[in-house]
Amino acid sequence: MSRSSYLNYDDSDAYDQFGTPHENRQEHRKKKRGEIHRPKKSSADVIAALSDDGTDATSRPLTYQPSRFEAAWLMESLQPFFDRGLITDILALVRGGKEASVYVCQAHPVTGVSLLAAKVYRPRMFRQMRNDSVYREGREILTDSGKVVKKTDHRVMRAIGKKSGFGIEVAHTSWLMYEYTTLQALHHAGLDVPKPYSAATNAMLMTYVGELHRPAPTLSLIALEPDEAQALFYQVIANIEGMLARGVIHGDLSAYNILYWDGTLTVIDFPQIVRPQANHNSWTIFQRDIMRVCEYFNDQGVSTDPEALATRLWKTYVPDEE
Ligand SMILES: Nc1ncnc2c1ncn2[C@@H]1O[C@H](COP(=O)(O)OP(=O)(O)OP(=O)(O)O)[C@@H](O)[C@H]1O
Ligand SMILES: [Mg+2]
């Protein structure tokens, strides 16, 4: 991801800049004043332009036809996965959210699966996250290889403090890498989360849950039979417990971030995880996760006691601080 197009991408008025990611400032100002007329580009033009300068993600047309607004951002975000030989096509948009868009991709045979989900982060999400000091407290900065940036790295620390272009980019990548490295750890531990395959500056690749044109619905959309509800409640609690045992609180857990497929659950969406001992609000955030999960299962006829449950798990896994 080049910084110029990254920073230019935001809301609708910024999308046009995708067509000319390398234009200089003077030209940009002129354009803003309306002194240069450029016809609007179609998504096909944008993709063709990307191909022309040798930066194309794929030599054949994509199955999914992105809108003009999303084309360049999408291609730049997913190009590393084409380059690494992990995906060969983008097949469909699963969901375009306010914080991230998820696409279903054709996986390369070397991956051993046929489909993969690509989560592409929107810059707007990063801006909201950056301002969310409740989550940020106690978090180190992660590089795009998942390494912690040393506090003594003054160049990076100063850039983040000043919110310079470079600093913002580092902070964005850090949020993404929290999600990615968390998925790695939890998947490795056998918890019910998508397997992460690869991460890039602005996107990550993971197990796709569902069928091609039938993505797994979120649990919030499902009405469960009583027996199944009880079993799935235990499954969620086992996952929350497994996470806490590894020092992870989801931080935004609810039936909206759990997928339901084939009678089983997959917990998703981890960028805002909180560490129990690194954040003053961790207990409150943990209780809220438990409460939201219990709310859904209560509606499905399961009897729950969120306070007792949260207290029991916390006492078991979070040692008292002296
Ligand atoms: N691995 C996956 N397999 C299938 N669908 C997925 C997968 N990951 C995410 N999705 C779908 O994409 C949606 C958005 O993903 P996610 O919850 O990770 O992002 P988000 O930041 O919460 O976005 P939003 O603001 O839209 O909720 C999910 O609600 C789900 O429908
Ligand atoms: Mg979500």
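- For Phe297, the ring-ring contact (aromatic ring centres under 6.0 Å, His included) partners are Phe233, not counting sequence neighbours.
- Looking at residues two or more places apart in sequence or on another chain, you find no salt bridge (charged side-chain N to carboxylate O under 4.0 Å, His left out) involving Asp289.
- Looking only at distances, no side-chain donor or acceptor of Arg246 sits under 3.5 Å from a matching main-chain atom of Leu186.
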- Please test Met177 against Lys147 for side-chain contact (heavy atoms from CB on, under 4.5 Å), starting from the C-alpha separation and ending with a verdict. CA-CA 9 Å; Met177 288 313 295; Lys147 298 228 169 68; over 6 Å; no
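- Counting only heavy atoms from C-beta outward, the side chains of Ile141 and Val148 never approach each other to under 4.5 Å.
- Of the candidates Leu309, Ile249, Ile290, Ile249 is the only one forming a side chain to side chain contact (heavy atoms under 4.5 Å, CB included) with Trp314.
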- Task: Decide side-chain contact (heavy atoms from CB on, under 4.5 Å) for Ile258 and Thr218; before the verdict, give the C-alpha distance in whole Å, the side-chain angles of both, and the deciding distance to 0.1 Å.
- Result: CA-CA 6 Å; Ile258 300 175; Thr218 56; over 6 Å; no
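- Between Leu86 and Thr111, the shortest heavy-atom distance links the atoms O-CG2, 3.6 Å.
- For the 3.5 Å distance criterion, the side chains of Gln235 and Thr264 qualify, holding a donor opposite an acceptor.
- One hydrophobic cluster holds both Leu313 and Leu265 under the rule that ILVMFWY side chains link at heavy-atom gaps under 4.5 Å.
- By the side chain to side chain contact (heavy atoms under 4.5 Å, CB included) test, Val209 is found to be paired with Ala216, Leu259, Trp261, Thr266, residues two or more places apart in sequence or in another chain being considered.
- No side-chain heavy atom of Pro215 sits under 4.5 Å from any side-chain heavy atom of Arg95.
- When the salt bridge (charged side-chain N to carboxylate O under 4.0 Å, His left out) test is applied to Arg292, the partners found at least two apart in sequence or on another chain are Asp252.
- Asp192 meets the salt bridge (charged side-chain N to carboxylate O under 4.0 Å, His left out) test with no other residue; sequence neighbours excluded.
- Side-chain atoms of Gln300 come within 3.5 Å of backbone atoms of Leu224 as a donor-acceptor pair (strictly under, hydrogens ignored).
- Between the side chain of Asp269 and the main chain of Asn257, no donor-acceptor pair closer than 3.5 Å is present.
- With hydrophobic clusters built from ILVMFWY side chains whose heavy atoms lie under 4.5 angstrom apart, Trp283 does not share a cluster with Met291.
- Between Pro217 and Ile222, the closest side-chain pair of non-hydrogen atoms falls below 4.5 Å.
- Residue Leu91 belongs to a hydrophobic cluster whose other members are Val94, Val102, Val104, Leu115, Tyr208, Leu212, with links defined by side-chain heavy atoms closer than 4.5 Å.
- For the residue pair Gln272 and Trp175, the shortest heavy atom distance occurs at CA-CZ3, 4.0 Å.
- Closest approach of Pro66 and Leu74 over heavy atoms only: CB-CD2, 4.0 Å.
- Closest heavy-atom contact between Gly263 and Leu232: O-CD2, 3.5 Å.
- Hydrophobic clustering (side-chain heavy atoms under 4.5 Å, transitive across Ile, Leu, Val, Met, Phe, Trp, Tyr) keeps Leu205 apart from Ile268.
- No more than 12 heavy atoms of other residues, nucleotides or ligands lie within 6.0 Å of CD in Glu307, so this atom counts as exposed by the packing criterion.
- The shortest distance between side-chain heavy atoms of Leu191 and Val267 does not fall below 4.5 Å.
- Every residue was checked against the ring-ring contact (aromatic ring centres under 6.0 Å, His included) condition with Tyr296, not counting sequence neighbours, and none meets it.
- Two residues are said to be in side-chain contact when any heavy atoms from C-beta on lie closer than 4.5 Å; Tyr234 and Val302 fail this criterion.
- Residues meeting the salt bridge (charged side-chain N to carboxylate O under 4.0 Å, His left out) test with Glu211, sequence neighbours left out: Arg214.
- Side-chain atoms of His108 do not come within 3.5 Å of backbone N or O of Phe82 as any donor-acceptor pair.
- A donor-acceptor pair is defined here as one N or O able to donate and one able to accept, closer than 3.5 Å; no such pair exists between the side chain of Glu76 and the backbone of Trp73.
- Checked against the 6.0 Å centroid threshold, Tyr103 and Tyr64 count as a close aromatic pair.
- Between the side chain of Ser282 and the backbone N or O of Pro276, at least one donor-acceptor pair lies under 3.5 Å.
- With rounding to the nearest 0.5 angstrom, the CD atom of Glu295 is 9.0 Å from the OG1 atom of Thr304.
- For Asp153, the side chain to side chain contact (heavy atoms under 4.5 Å, CB included) partners two or more places apart in sequence, or in a different chain, are Val149, Arg155, Val156.
- For the pair Phe286 and Ala310, the tightest heavy-atom approach, listed with the atom from each and the gap, is CE2-O, 3.6 Å.
- Between the side chain of Gln106 and the main chain of Ser114, a donor-acceptor pair closer than 3.5 Å is present.
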- Task: For Leu62 and Met75, run side-chain contact (heavy atoms from CB on, under 4.5 Å): C-alpha distance rounded to whole Å, both residues' side-chain angles, the deciding distance at 0.1 Å, then the answer.
- Result: CA-CA 10 Å; Leu62 297 172; Met75 297 311 286; 3.4 Å; yes
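- When side chains are defined from C-beta on, Leu142 does not count as touching Tyr180, because their heavy atoms never get closer than 4.5 Å.
- Rounding to the nearest 0.5 Å gives a distance of 12.0 Å between CG of Asn202 and CE of Met204.
- Closest non-hydrogen pair, Ala203 versus Ser77, comes out as CB-O, 3.7 Å.
- In this structure, OG in Ser174 is found 12.5 Å from CD in Glu179, a value given to the nearest 0.5 Å.
- Listed by chain and number, the residues in a side chain to side chain contact (heavy atoms under 4.5 Å, CB included) with Thr207 are Pro194, Lys195, Tyr197 (sequence neighbours excluded).
- By the side chain to side chain contact (heavy atoms under 4.5 Å, CB included) test, His188 is found to be paired with no residue, residues two or more places apart in sequence or in another chain being considered.
- Side-chain contact between Thr182 and His250 is absent, with no heavy-atom pair separated by less than 4.5 Å.
- Criterion: ILVMFWY side-chain heavy atoms under 4.5 Å apart, direct or through other members. Under it, Val113 and Leu78 are part of a common hydrophobic cluster.
- Remark: the Arg84 side chain and the Ser198 side chain contain an N/O donor-acceptor pair separated by less than 3.5 Å.
- Looking at residues two or more places apart in sequence or on another chain, you find no side-chain hydrogen bond (donor to acceptor under 3.5 Å, both in side chains) involving Gln184.
- Side chain of Asp305 to backbone of Ala308: a donor-acceptor contact under 3.5 angstrom is found.
- At a threshold of 4.5 Å between non-hydrogen side-chain atoms, the residues Ile90 and Phe81 do not count as touching.
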- Should Leu93 and Ser101 be marked as a side-chain contact (heavy atoms from CB on, under 4.5 Å) after you check the CA-CA gap, both sets of side-chain angles, and the distance that decides it? CA-CA 8 Å; Leu93 175 67; Ser101 293; 4.1 Å; yes
